[in-house]
Asker: 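Please see the structure below; I have some questions.
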Amino acid sequence: MYKAVIFDFGNVLCLVERENFVRRAARHARAMDAEALLSALWGTELEYEFETGKFDSHEYYRRVQALADFDPDYSYEQFVEDYRRIIVPNPDGEEGLKTAVDLGARTFVLSNTSFLHASVIFDNEVLGTYPELYILSYKLGVMKPDPRIWRKLLEYTGLAPEDCLYVDDIGQYCDAARSLGMGAFRYDFRAHNLSKELKNMLQ
């Protein structure tokens with residue numbers, strides 16, 4: 001019986017729609033269109049450095065501004081407002097979190113994320129209230145699949161790996177959690193009812 005459920009943030013507790021940002025930002029970009037901006041920002045060293053806390057959101061804005069050659073009137077504040085639009089609610093993920101708590105499990109968030117996206121968690125009362133602890137890459141300086149991010153959670157919580165069920169949408173990260181001795185479930189918001197899946201695994 002699992003004592004805890006560890007939830008990924010993006011595409012589990014919420015949805016990630018990067019196009020919401022790049023479409024808006026590209027209107028102000030003189031050097032690239034939305035597709036080029038998408039390619040420049042994700043799966044790159046820039047993403048890694050931002051999401052491991054190598055620099056703050058103001059420096060990220062400056063670097064993206066230099067890449068895209070934004071109009072001078074595209075302010076940091078507007079950039080942040082647009083960037084936060086990437087995070088979209090996932091009611092199924094929220095219900096899964098509530099279900100885990102109702103079934104008596106300790107709950108945690110463990111995610112590769114930046115400050116700008118993590119801050120959205122606390123705009124949502126469910127996501128900002130139910131989890132006991134948030135293990136976030138920009139705070140720790142390491143990202144999944146680095147095993148240190150899961151080990152830090154175990155260190156903080158006193159849980160054994162076999163006590164934990166890890167939920168993520170990315171198979172590689174589920175495999176990394178399993179390699180440490182955790183259970184893992186690869187969640188697809190298009191195919192699964194997370195509450196139902198958790199009831200089957202926690203009862």
Side-chain angles (χ1 to χ4, degrees), residues 6-90 93 108-124 127-128 131 133-153 156 166-174 176-177 189:
I6 305 165
F7 294 89
D8 179 39
F9 180 39
N11 286 329
V12 177
L13 294 179
C14 69
L15 302 180
V16 176
E17 297 183 6
R18 296 184 177 114
E19 292 80 5
N20 289 348
F21 167 68
V22 296
R23 283 197 301 266
R24 287 172 173 80
R27 298 170 190 162
H28 306 275
R30 294 174 289 198
M32 55 181 63
D33 61 14
E35 184 176 349
L37 189 57
L38 188 70
S39 297
L41 300 188
W42 283 280
T44 64
E45 187 67 17
L46 180 62
E47 178 190 25
Y48 175 82
E49 291 187 346
F50 187 36
E51 295 199 352
T52 54
K54 300 294 189 298
F55 47 78
D56 67 10
S57 58
H58 291 270
E59 178 61 21
Y60 182 67
Y61 165 70
R62 286 190 286 270
R63 294 189 185 199
V64 178
Q65 184 182 46
L67 280 173
D69 189 19
F70 288 141
D71 296 326
D73 62 350
Y74 191 46
S75 67
Y76 169 78
E77 291 74 19
Q78 184 62 56
F79 174 87
V80 169
E81 181 180 333
D82 290 344
Y83 198 79
R84 285 165 51 92
R85 292 177 185 269
I86 292 170
I87 304 301
V88 177
N90 179 22
F108 308 96
V109 175
L110 185 149
S111 183
N112 289 347
T113 194
S114 66
F115 165 76
L116 291 181
H117 285 165
S119 66
V120 179
I121 293 173
F122 299 97
D123 290 339
N124 180 307
L127 303 186
L133 181 69
Y134 303 82
I135 301 292
L136 307 174
S137 62
Y138 83 96
K139 298 279 284 182
L140 294 183
V142 296
M143 292 177 71
K144 298 177 291 186
D146 190 319
R148 289 178 292 175
I149 196 166
W150 287 278
R151 287 177 180 148
K152 183 58 69 174
L153 183 141
Y156 283 153
Y166 179 65
V167 181
D168 203 305
D169 65 304
I170 296 177
Q172 180 187 15
Y173 301 160
C174 290
F189 66 87

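All of these numbers come straight from a predicted model, not from anything done at the bench.
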Asker: Using 30° and 60° as the class boundaries, would you call the ring planes of Tyr83 and His117 parallel, tilted or perpendicular?
Answerer: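 Because their plane-to-plane angle is under 30°, the rings of Tyr83 and His117 count as parallel.
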Asker: Between Lys144 and Asp8, does the side-chain contact (heavy atoms from CB on, under 4.5 Å) criterion hold? Intermediate values first, please.
Answerer: CA-CA 10 Å; Lys144 298 177 291 186; Asp8 179 39; 2.9 Å; yes
Asker: Around atom CZ of Phe115, are there more than 12 heavy atoms from other residues, nucleotides or ligands closer than 6.0 Å?
Answerer: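 No.
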Asker: Taking ring pair (Phe, Tyr, Trp, His ring centres under 6.0 Å) as the cut-off, I'd like each qualifying pair that reaches into residues 26-47, sequence neighbours left out, listed once.
Answerer: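 Listed by first then second residue: His28-Tyr74.
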Asker: Evaluate the ring planes of Phe55 and Phe50, with Trp represented by its six-membered ring, and classify them as parallel (under 30°), tilted (30 to 60°) or perpendicular (over 60°).
Answerer: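 Ring orientation of Phe55 relative to Phe50: parallel.
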Asker: With Leu13 as reference, evaluate Leu127, Ile121, Val167 under the side chain to side chain contact (heavy atoms under 4.5 Å, CB included) test and give the passing residue.
Answerer: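 The residue from Leu127, Ile121, Val167 that satisfies side chain to side chain contact (heavy atoms under 4.5 Å, CB included) with Leu13 turns out to be Leu127.
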Asker: Rounded to the nearest 0.5 Å, what's the gap from CG on Leu110 to CG on Leu136? Could you check?
Answerer: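 Between Leu110 CG and Leu136 CG, I get 8.0 Å after rounding to 0.5 Å.
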Asker: Please check: side-chain N/O of Asn11 versus main-chain N/O of Val16, any donor-acceptor pairing under 3.5 Å?
Answerer: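 Yes, Asn11 side chain to Val16 backbone: donor-acceptor pair under 3.5 Å.
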Asker: Can you tell me if Arg148 has over 12 outside heavy atoms packed within less than 6.0 Å of its CZ?
Answerer: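 Result for CZ/Arg148: open.
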Asker: Is the side chain of Asn20 donor-acceptor paired with the backbone N or O of Arg85 at a distance under 3.5 Å, no angle test?
Answerer: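 Indeed, once roles are kept as given, a pair shorter than 3.5 Å links the two residues.
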Asker: Would a distance-only check, ignoring hydrogens and angles, find a side-chain to backbone donor-acceptor pair under 3.5 Å from Tyr134 to Gly128?
Answerer: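 Pair found, side chain donor or acceptor close to backbone of Gly128.
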Asker: Around atom CD of Glu59, are there more than 12 heavy atoms from other residues, nucleotides or ligands closer than 6.0 Å?
Answerer: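 Yes, because the 6.0 Å sphere around CD of Glu59 holds more than 12 heavy atoms from other groups.
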Asker: Mind checking the OG-CD spacing from Ser75 to Gln65? Nearest 0.5 Å is all I need.
Answerer: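 Taking OG in Ser75 and CD in Gln65, the distance rounds to 10.0 Å.
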Asker: Show, in sequence, the C-alpha distance, side-chain angles and deciding distance for Gln78 and Phe70, and conclude whether the side-chain contact (heavy atoms from CB on, under 4.5 Å) test is met.
Answerer: CA-CA 12 Å; Gln78 184 62 56; Phe70 288 141; over 6 Å; no
Asker: Would one find more than 12 heavy atoms of other residues, nucleotides or ligands at under 6.0 Å from atom NZ of Lys139?
Answerer: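 No, NZ of Lys139 has 12 or fewer neighbouring heavy atoms, counting only those of other groups under 6.0 Å.
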